[in-house]
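I have placed the structure first, in the form of structure tokens, so that the comments after it can refer back to it.
Below, all heavy atoms of this structure are taken into account, side chains as well, without hydrogens, waters or symmetry copies. Please read these numbers as outputs of a predicted model, since none were measured by experiment.
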Amino acid sequence: MTVTYSSKVANATFLSFHRLLLRWRGSIYKLLYREFILFTLMYTALSVVYRFLLAEEQKRLFEKLSLYCDRYAEQIPVTFVLGFYVTLVVNRWWNQFVNLPWTDRLMLLISSCVHGKDEYGRLLRRTLVRYVNLASLLIFRSVSTAVCKRFPTIDHVVEAGFMTPEERKVFEDIRSPHLKYWIPVVWFSNLASKARQEGRIQDSIDLQSILNEMNVFRTWCATLFGYDWVGIPLVYTQVVTLAVYTFFFACLIGRQFLDPAQGHPGHDLDLYIPIFTLLQFFFYCGWLKVAEQLINPFGEDDDDFEANWIIDRNLQVSLLAVDEMHMTLPHMTKDMYWNDSDARPPYTLAAADYCIPSFLGSTTDMGIRSDPLLPSELPSLVSQLHQAVIIGVQ
């Protein structure tokens, strides 16, 4: 389930972001604690071996290896490779969100353009929006593990009411090696054309608007399918992962605290806890975990998209809009500002500070002289300009 915290950061207050650091669900701690503990244990084990188990000659050899790893580990371009990769993943994640298939625009067109309050008109509108929801469900089944667990077979789709047994037979009789989410789209187009021929859609422009909107909806579905089909090249993901873990494997040896008595540069202080190395691991590996969680937002992570909720919401809202709300209007009455040319909605006491005057432009209060210049003032003005030019030349 998506982790929402917008209300907690609505205002920039003292330590407002710090309160978010104490959350567990959806946090970096939950994603990273296993790797962090493993890294700490491996570092501690190497430190114990170096300090207590190695002979003096072996210690000198280990110190040379540590200095070598520390010197050349910084040549791994972790920041550049990881930063570019995470940016690419976040952009891909957001593009998938803006292409989620919502039924709102289609249901409004169907409710307003497909006429008839009789049983056939009701059946026509409900069938049209059911085909729309069926198309999105078939896409979600192919890209989302959570939806696939809920609807693992077409039998479950029929049992849920998205498809009738007769439609299922027609669906399965159509032989195609490709994903058949486009079949409900064809059914929708054919049924809309039939409604136009029967006079249920009274204008060809209305039919064109409905079909154009259906094409937009189909584009959303196809975009999600495309993102699922063509991911970020595997070689790039491998390069980033290897860069991060190779860097910290070198840090296990290179960031050890060496014996100060040996006089190695930068090893004047002997500590047991590598604080800044642990922080570096937390930030870099946390960055990689962000990409790992966002690269496929249709999984079952805390911040993945709620595909099952979208399916439920689309079906309930669209059926309500085209059936119970079809041509059902509240009684029209004069609004409270009927005879008021300066309509001003009231403010509560808590919102009184937000009642501000209208912005008229940044030059409004400059105080520029607006009255015409008198003829008697012209010689003085010319003299002032002449003196300014002379001063400027000098």
Side-chain angles (χ1 to χ4, degrees), residues 1-8 20-39 82 85-103 133-163 179-181 220-234 236-238 240-241 244-245 282-317:
M1 185 176 181
T2 304
V3 180
T4 301
Y5 58 89
S6 300
S7 62
K8 304 298 181 182
L20 302 178
L21 299 179
L22 303 178
R23 293 194 170 199
W24 174 255
R25 184 169 166 273
S27 67
I28 187 60
Y29 320 120
K30 184 178 179 181
L31 283 175
L32 194 59
Y33 77 93
R34 299 178 184 88
E35 288 87 348
F36 188 82
I37 292 175
L38 178 62
F39 180 81
L82 187 57
Y85 182 74
V86 173
T87 301
L88 180 63
V89 169
V90 171
N91 288 335
R92 173 187 171 89
W93 168 79
W94 181 250
N95 286 335
Q96 289 182 76
F97 176 76
V98 299
N99 283 283
L100 289 174
W102 302 96
T103 59
N133 284 278
L134 176 58
S136 64
L137 174 59
L138 294 177
I139 279 293
F140 279 131
R141 280 184 70 243
S142 68
V143 303
S144 171
T145 57
V147 176
C148 189
K149 288 181 177 180
R150 184 182 178 186
F151 304 99
T153 65
I154 294 297
D155 290 335
H156 294 83
V157 176
V158 175
E159 291 174 3
F162 288 89
M163 184 185 294
L179 181 66
K180 296 193 287 188
Y181 77 94
W220 292 339
C221 295
T223 301
L224 295 185
F225 182 74
Y227 274 115
D228 185 65
W229 176 31
V230 181
I232 295 176
L234 178 61
Y236 195 11
T237 302
Q238 290 175 335
V240 174
T241 305
V244 172
Y245 286 110
F282 187 84
F283 296 141
Y284 280 0
C285 287
W287 215 358
L288 184 63
K289 282 293 182 180
V290 169
E292 183 181 322
Q293 185 170 24
L294 298 184
I295 195 169
N296 182 10
F298 292 103
E300 299 174 68
D301 295 323
D302 287 338
D303 269 316
D304 285 341
F305 300 154
E306 298 295 336
N308 278 310
W309 176 85
I310 294 175
I311 291 171
D312 296 342
R313 184 261 179 199
N314 279 348
L315 181 65
Q316 195 272 337
V317 171

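Annotation: side chain to side chain contact (heavy atoms under 4.5 Å, CB included) contacts of Leu88 (sequence neighbours excluded): Ile232, Tyr236. Qualifying salt bridge (charged side-chain N to carboxylate O under 4.0 Å, His left out) partners for Asp228, counting only residues two or more places apart in sequence or in other chains: none. Under the rule for a salt bridge (charged side-chain N to carboxylate O under 4.0 Å, His left out), the partners of Glu292 that lie at least two apart in sequence or sit in another chain are Lys289. Partners of Leu234 under the side chain to side chain contact (heavy atoms under 4.5 Å, CB included) rule, at least two apart in sequence or in another chain, are Gln238. Every side chain to side chain donor-acceptor pair (under 3.5 Å) that Tyr284 has, sequence neighbours left out, goes to Thr79. Trp102 pairs by the ring pair (Phe, Tyr, Trp, His ring centres under 6.0 Å) definition with nothing, not counting sequence neighbours. Phe282 is linked by a ring pair (Phe, Tyr, Trp, His ring centres under 6.0 Å) to nothing, counting only residues two or more places apart in sequence or in another chain. Residues satisfying the side chain to side chain contact (heavy atoms under 4.5 Å, CB included) test with Thr145, not counting sequence neighbours, are Glu300. With sequence neighbours excluded, the residues satisfying side chain to side chain contact (heavy atoms under 4.5 Å, CB included) with Val317 are Met107, Arg313. Partners of Asn308 by side chain to side chain donor-acceptor pair (under 3.5 Å), not counting sequence neighbours, listed by chain and number: Arg150. Among residues two or more places apart in sequence or in another chain, the side chain to side chain donor-acceptor pair (under 3.5 Å) test is passed with Arg92 by none. For Ser142, there are no side chain to side chain donor-acceptor pair (under 3.5 Å) partners, not counting sequence neighbours.
You'll find the side chain of Tyr85 stays beyond 4.5 Å of the side chain of Thr241, heavy atoms only. Two residues are said to be in side-chain contact when any heavy atoms from C-beta on lie closer than 4.5 Å; Tyr29 and Leu21 meet this criterion.
Residue Asn296 holds its CG atom at 8.5 Å from OG of Ser144, rounded to the nearest 0.5 Å. Considering CE of Met163 and CG of Asp155, their distance stands at 10.5 Å, rounded to 0.5 Å. A distance of 9.0 Å separates SG in Cys285 from CG in Leu82, rounded to the nearest 0.5 Å. Atom CG of residue Leu137 and atom CZ of residue Phe151 lie 5.0 Å apart, to the nearest 0.5 angstrom.
Remark: side-chain polar atoms of Asn99 are not paired, donor with acceptor, to backbone N or O of Ala222 under 3.5 angstrom. The backbone N or O of Pro152 lies less than 3.5 Å from a partner atom in the side chain of Arg141, making a donor-acceptor pair. Proximity of a side-chain donor or acceptor of Asp301 to a complementary backbone N or O of Asp303 within less than 3.5 Å is not detected. With hydrogens and angles disregarded, no donor-acceptor distance shorter than 3.5 Å links the side chain of Asp302 to the backbone of Arg25.
Aromatic ring orientation, Tyr33 versus Trp24: tilted (interplanar angle from 30° to 60°). Using cut-offs of 30° and 60° for the angle between ring planes, the Phe298 and Phe140 rings count as tilted.
Inspection of the Tyr181 and Ser136 side chains reveals no N or O donor paired with an N or O acceptor under 3.5 Å.
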